[in-house]
Amino acid sequence: MNIEIYIVALAQAEELISQLLIKEFEAGNSLCKTLYKTRIKPHINILKKDSWLVAETNYVDKTYRNSFYNYYSSKSNSYKKNCIRISIFKDNLEYSDFRNPKKEKELHNRYRGFFILRPTCPNFIGRSIISPEAINNNNFSCCTSNFKTTCNGLKFSIDGFPHATQDNETITCAETSLWAIMEYFGNKYSEYCPALPSTIIKTLNHLSYERQIPSKGLRIEHISYALKQFGFGTRLYSRKNFNTQFDQLLSCYVESGVPLIIGIDNEHINGSIRHALLVVGHEDITEDQIDKVYSRTLNPTMTNDQKKLLNTKKINIYDYDSIRKKFIFIDDNHPVYQKATLKDPAKHYEDEEWKKCKITHFIVPLYPRIYLEALEAKAYATDFLIRYHTKQSTPTDYVLRVFLASTRSYKAKLALNTSFDPKPKALILEKPMAKFVWVAELSDKELIKDRKAKGLILLDATEANIHNHKPLIMAFIQGKMFSLEKISGILDNSSLDLSPFFIYDHNLKPYNS
Amino acid sequence: MIKPVSEAEEIKAQLQEAGKVVKLDSEEHIETMEKMNKHLLRVRRELQINLNKSKDAAKNIILTA
């Protein structure tokens with residue numbers, strides 16, 4: 001038994017994959033065309049035309065092997081245990097390129113990721129890590145993790161978000177979403193471990209009163225429980241209860257670089273669809289979308305006191321999270337990186353029933369020591385701005401962008417941000433901070449189009465005590481710096497200018513090529 | 001003695017010396033802080049209720065498709 005290697009241009013994908021399905025997975029000759037068209041072609045169609053594919057047979061895929069040993073091998077029907085790995089490269093390549101030391105660096109630059117074909121007819125598409133650079137219409141920013149892999153004997157690494165289709169037996173949408181989240185966090189941070197299908201089943205074993213495989217899905221609360229067991233400080237939000245704040249909160253967490261599990265359903269039309277998928281980023285925001293963002297004064301959660309102050313001080317606050325944009329979804333019924341709005345998250349489905357699905361819940365896998373909630377951080381920043389803003393003769397607009405950032409990443413980017421004034425920069429960089437901070441950048445509609453802000457509020461994400469400005473690390477508004485004098489507990493106000501500076505946009509990785 | 005190369009303490013001292021630091025400890029400022037405390041407590045109370053209700057709402061939804 002050898003590893004057979006095939007190298008073809010994208011145009012020959014159908015011929016190669018059909019041939020491999022018949023030869024390696026014993027898929028029926030007559031069925032092969034339909035299977036390719038319905039199950040594989042959509043995943044090929046998203047790839048850029050200049051892609052080349054390298055197929056390797058007899059590949060041991062850790063995720064499928066786990067399902068094989070724990071389930072498929074116990075069936076009477078015989079299932080293959082090996083998979084096919086298809087690696088993606090930019091531009092044409094030859095077998096000899098992989099044996100030429102002079103070509104190694106070039107191959108690394110052209111590597112775009114891989115996907116696995118597993119012998120689980122008809123759901124062949126298994127684990128994949130595909131770089132957004134490999135796909136068409138990639139004008140978006142999203143969460144990515146770096147994955148180490150190999151192809152034709154050489155080592156490669158690729159940034160992308162994990163994706164797999166459900167096999168409908170060991171993993172349905174709920175388990176696939178959990179698997180993808182853990183694969184992402186496990187590869188990105190040392191605190192977490194990837195979770196194979198059997199680990200997910202074992203974690204939920206004591207909550208189940210029936211057999212767990214073949215899977216019949218998971219309750220939303222069980223997904224939340226599993227994430228908690230995997231080390232997260234999970235939070236669960238429902239649209240019904242958070243109402244008008246729901247979409248803004250979801251957007252705030254996405255802006256913070258936290259991939260979310262969302263639940264969609266069509267219960268409102270008495271349908272039976274209940275589906276889990278991930279939201280991992282958003283499309284590039286256009287100037288037109290910024291112009292159309294509505295004022296925070298229209299927000300029903302704003303108190304009369306706040307509205308009065310906004311009028312007296314002539315301030316208009318716009319919430320960056322209210323900008324209507326498309327988000328990037330990882331959906332196990334569709335190819336990776338699907339774009340859709342929060343209003344119609346399943347618009348890309350062909351089935352009319354599916355198209356009508358709405359988001360009802362989202363689950364946030366938060367770092368366990370983030371005690372200050374997104375809603376509280378946003379409420380604090382808004383209220384602070386309203387109350388400590390000095391009255392002016394001309395109206396002032398603010399676009400408020402609130403997100404979570406790891407202190408390490410935030411300080412690392414700030415240190416090299418040459419647009420940030422040196423004195424405020426030194427004061428922030430030399431201030432001891434917790435592992436995570438809530439950052440509120442104060443911009444306006446024109447500045448934000450240039451990716452700039454004119455003010456800043458930094459909050460300690462580990463401070464749950466919201467009394468007497470306890471969460472405040474530092475704020476810069478209208479040429480003044482506010483900080484808390486720790487001993488007296490009194491707020492200090494120093495005259496210190498902060499010129500417009502480039503915003504922090506490193507929570508999500510931007511693509512557009 | 002080796003002096004620290006960090007700048008924050010020096011900047012703070014300069015601001016203090018130039019009389020650019022004001023303590024917000026007047027009655028009016030304490031009242032503003034109290035108003036913020038009150039508002040944030042209300043936000044937290046509503047948040048906690050909604051998070052608990054969200055948990056209850058999710059109890060019987062099974063994601064399968």
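We name chains A, B, ... by the order of the sequence lines, and we start the count at 1 in each one.
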Check whether A:Gln306 gets within reach of chain B through its side chain, its backbone, both or neither, counting any heavy atom under 4.5 Å. side chain
Given heavy-atom pairs under 4.5 angstrom as the criterion, report whether the side chain, backbone, both or neither of A:Glu175 touches chain B. neither
Answer whether the closest heavy-atom distance between the side chains of A:His361 and B:Ile61 falls below 4.5 Å. yes
Report yes if some heavy atom in the side chain of B:Lys12 is under 4.5 Å from a heavy atom in the side chain of A:Leu427; otherwise report no. yes
Minimum-distance pair of heavy atoms, taken over all atoms of B:Ile62 and A:Gly217: CG2-C, 4.1 Å
Expected output: side-chain B:Asn37 to main-chain A:Asn468 donor-acceptor under 3.5 Å: yes
Using modelled atom types and a 3.5 Å cut-off, is there a donor and acceptor pairing between side-chain atoms of B:Glu7 and backbone atoms of A:Ala426? no
Could you tell me which portion of B:Leu41 (side chain, backbone, both or neither) has an atom closer than 4.5 angstrom to a non-hydrogen atom of chain A? both
Neighbour count above 12 (heavy atom, 6.0 Å) for A:Lys308 NZ: no
Bottom line for B:Leu51: the part with an atom under 4.5 Å from chain A's heavy atoms is both
Options B:Asn60, B:Leu40, B:Ile49, ranked by heavy-atom pairs under 4.5 Å with chain A, top entry: B:Leu40
I'd like to verify something: which residue of A:Ser224, A:Ala174, A:Ala276 has the highest number of heavy-atom pairs under 4.5 Å with chain B? A:Ala276
pair A:Thr303-B:Arg42: side-chain heavy atoms closer than 4.5 Å: yes
For the interface with chain B, which of A:Ile428, A:Leu236, A:Asn243, A:Asn493 has the highest count of heavy-atom pairs at distances below 4.5 Å? A:Asn493
Non-hydrogen atoms of chain B under 4.5 Å away: do they reach the side chain of A:Lys423, the backbone, both or neither? both
With side chains defined as the heavy atoms from C-beta onward, is the minimum distance between B:Lys23 and A:Asp492 less than 4.5 Å? yes
Can you say whether A:Ala374 sits under 4.5 Å from chain B via the side chain, the backbone, both, or neither, judging by heavy atoms? neither
With a 4.5 angstrom heavy-atom cut-off, is it the side chain or the backbone of A:Arg235 that approaches chain B, or both, or neither? side chain
Between A:Leu491, A:Ile386, A:Asn168, who has the most heavy-atom pairs with chain B when the cutoff is under 4.5 Å? A:Leu491
Which atoms of B:Leu47 are under 4.5 Å from chain A, going by heavy atoms: the side chain, the backbone, both sets, or neither? both
Tell me, side chain or backbone of B:Glu46 under 4.5 Å from chain A's heavy atoms, or both, or neither? neither
Would you say that A:Ile490 contacts B:Ile30 through its side chain, given a criterion of any heavy-atom pair below 4.5 Å between the two side chains? yes
Got A:Tyr388 and B:Thr32 here, is their nearest side-chain heavy-atom distance under 4.5 Å? yes
Does some side-chain heavy atom of A:His469 sit less than 4.5 Å from a side-chain heavy atom of B:Met36? yes
Is chain B contacted by the side chain of A:Ile363, its backbone, both, or neither, given a heavy-atom distance below 4.5 Å? neither
Is a side-chain donor or acceptor of B:Ser54 paired with a backbone partner of A:Ser238 at a separation under 3.5 angstrom? yes
Under 4.5 Å between any side-chain heavy atoms of A:Ile466 and B:Arg44, yes or no? yes
